[in-house]
Amino acid sequence: MNLFRASAPVRLDFAGAWTDVSPFASAEGGVVVNAAIGLRAHAELTVGGESYLLRSDDLEDHQEFASPQQFARDGRLDLLKAAIRELDPGPCQLRTRSEAPPGSGLGSSGAMVVALAAVLDAARGEHRNPAGLAEAGYHLETVEAKHAGGKQDQYAGAFGGFHRFAFGAHAVEVTPLALDPEFADELARHMIVCYTGQTRVSGNTIARVMQAYARHDHQVVDALRSLVGIADRMAEALLAADLTQVGTLLSANWREQLRLDRAMCTPDMAALEEALMTAGAIGGKAAGAGAGGSMFFVVTDPERALAAAEACGVRVLPLQWSPEGIIRI
């Protein structure tokens with residue numbers, strides 16, 4: 001039997017999320033600024049045997065099949081099934097786990113499909129570059145598994161580091177952001193990532209927003225265009241090592257997100273935001289689609305912010321930047 005392993009990091013979306021989703025991205029061009037962090041999604045593939053055994057440690061679920069023709073899109077292990085349908089290595093055992101909590105809004109499914117594509121490539125004797133893996137992961141998630149979404153999570157997982165990604169109709173422009181190392185350390189010290197414990201189905205929110213864009217809803221169109229501008233200003237603030245501007249732009253981005261769909265902010269998230277701002281946060285936003293998951297903030301006093309977050313009953317996640325994207329073992 002042959003064993004293959006790969007992992008990819010999840011991300012913090014500093015600005016521009018939602019603009020990477022079609023039809024907006026293909027029609028007008030989206031821009032997202034994000035950074036990979038040290039929580040990773042892992043995939044492990046053992047080729048051989050007489051059946052297909054799929055297992056998710058996070059979901060505490062497993063299924064066994066004689067062939068991929070027996071797979072059903074039934075909400076159980078759909079990403080793993082999609083990967084096998086698309087890149088079938090023959091009978092195998094495929095196992096996944098994520099270091100990010102479920103429904104965190106940190107792009108763990110996007111990181112996972114990149115790791116899945118990497119191990120299945122390895123089993124087939126192929127070796128795609130990061131952009132190729134990001135595109136393969138996007139296809140697995142949105143086409144095969146039919147989970148609505150954009151491309152930023154897959155690109156962050158494949159490339160790692162800080163990036164400005166520009167999403168067009170036919171290509172993705174990848175621009176690494178070379179932050180001053182001392183500022184990168186300062187930024188990590190003055191940020192807090194809060195997992196609310198509430199899971200959310202981001203695909204439902206994404207579908208509502210993009211349907212509104214397709215029917216030319218003025219508020220949604222204007223908010224998406226504003227998010228592109230905020231993303232470009234965020235890239236400039238990060239390169240300028242301007243902590244205050246980074247925090248301010250997080251909140252500006254969050255205000256535009258709420259113009260897309262007010263359901264992105266739950267009462268618990270609103271209470272968390274109020275508590276952190278009272279504790280001296282410069283600004284913050286939801287990670288990903290919101291409506292649960294995680295929020296992250298730039299803060300002036302990390303100890304005071306930590307105490308305020310813990311008083312709200314949230315789980316504070318570890319934060320360190322991940323310069324590496326996909327890792328194959």
Side-chain angles (χ1 to χ4, degrees), residues 4-14 17 20-21 32-45 54-59 77-83 86-87 94-122 128-145 147-163 165 167 172 174 176 193 195 199-203 206 286-289 293-294 296 317-329:
F4 306 92
R5 294 190 180 98
S7 69
V10 301
R11 57 89 188 110
L12 289 180
D13 53 322
F14 279 79
D20 59 318
V21 182
V32 175
V33 172
N34 64 27
I37 62 174
L39 300 174
R40 302 183 72 88
H42 299 262
E44 178 179 291
L45 174 69
L54 312 182
R55 180 183 301 275
S56 167
D57 290 353
D58 309 291
L59 301 176
L77 308 179
D78 282 344
L79 294 181
L80 282 71
K81 293 173 185 175
E86 184 72 11
L87 302 167
L94 182 58
R95 185 172 187 171
T96 61
R97 66 179 178 88
S98 178
E99 295 170 8
S104 64
L106 299 174
S108 55
S109 64
M112 185 62 74
V113 290
V114 170
L116 286 168
V119 293
L120 288 160
D121 270 4
R128 276 181 270 207
N129 63 19
L133 285 175
E135 290 292 336
Y138 174 76
H139 182 83
L140 292 180
E141 187 166 5
T142 62
V143 178
E144 282 294 325
H147 292 179
K151 292 186 176 182
Q152 68 138 329
D153 299 346
Q154 295 85 0
Y155 271 83
F159 280 89
F162 285 80
H163 282 86
F165 295 111
F167 300 94
V172 177
V174 179
V193 182
Y195 174 54
T199 59
R200 80 282 180 275
V201 181
S202 61
I206 291 167
S294 302
F296 62 102
L317 300 179
L319 175 60
Q320 65 179 66
W321 310 123
S322 176
E324 292 184 295
I326 187 69
I327 297 176
R328 303 171 176 92
I329 303 174

Backbone of S294 reached by a side-chain donor or acceptor of S104 within 3.5 Å: no
Gap separating the CD atom of Q154 from the CG atom of L133, nearest 0.5 angstrom: 11.5 Å
Over all atoms of both residues, closest heavy-atom pair of G157 and P9: O-CD, 3.2 Å
Partners meeting side chain to side chain donor-acceptor pair (under 3.5 Å) with S109 (sequence neighbours left out): E141
Between CD1 on residue I329 and OG on residue S7, distance to nearest 0.5 Å: 5.5 Å
Side-chain heavy-atom pair P101, L317 within 4.5 angstrom cut-off: yes
Smallest separation among heavy atoms of R40 and E324, with atom names: NH1-O, 3.5 Å
For F165, ring-ring contact (aromatic ring centres under 6.0 Å, His included) partners two or more places apart: Y155, H163
Partner residues of K151 under the side chain to side chain donor-acceptor pair (under 3.5 Å) criterion, sequence neighbours left out: E135
D20 and V172, any side-chain heavy atoms less than 4.5 Å apart: no
F14 and F296 aromatic ring geometry - parallel, tilted or perpendicular at 30°/60° bounds: perpendicular
Side chain to side chain, D58 and P102, heavy atoms closer than 4.5 Å: no
Nearest heavy-atom neighbours spanning G103 and Y195: O-CE1, 4.1 Å
Residue pair V10 / S108: nearest heavy atoms and the distance that separates them: CG1-CA, 3.6 Å
Euclidean distance, T96 OG1 relative to L45 CG, rounded to 0.5 Å: 11.5 Å
Expected output: side-chain N34 to main-chain R11 donor-acceptor under 3.5 Å: no
Test side chain to side chain contact (heavy atoms under 4.5 Å, CB included) applied to L116 and L94, step by step: CA-CA 9 Å; L116 286 168; L94 182 58; 3.8 Å; yes
Distance, nearest 0.5 Å, that separates CD of Q152 from CG of D13: 5.0 Å
Separation of R97 CZ from L59 CG (nearest 0.5 Å): 14.0 Å
F159 vs V114 side-chain heavy atoms within contact, under 4.5 Å: no
D57 and R55 ion-paired at < 4.0 Å: no
4.5 Å side-chain heavy-atom contact, D121 and R328: no
Minimum-distance pair of heavy atoms, taken over all atoms of I326 and A118: CD1-CB, 3.8 Å
H42 vs E99 side-chain heavy atoms within contact, under 4.5 Å: yes
For D153 against G107, the heavy-atom pair lying closest together: OD2-CA, 3.4 Å
CA sep, side-chain torsions, deciding dist, call: L12, L319, side chain to side chain contact (heavy atoms under 4.5 Å, CB included): CA-CA 10 Å; L12 289 180; L319 175 60; 4.0 Å; yes
Separation of S98 OG from L106 CG (nearest 0.5 Å): 8.5 Å
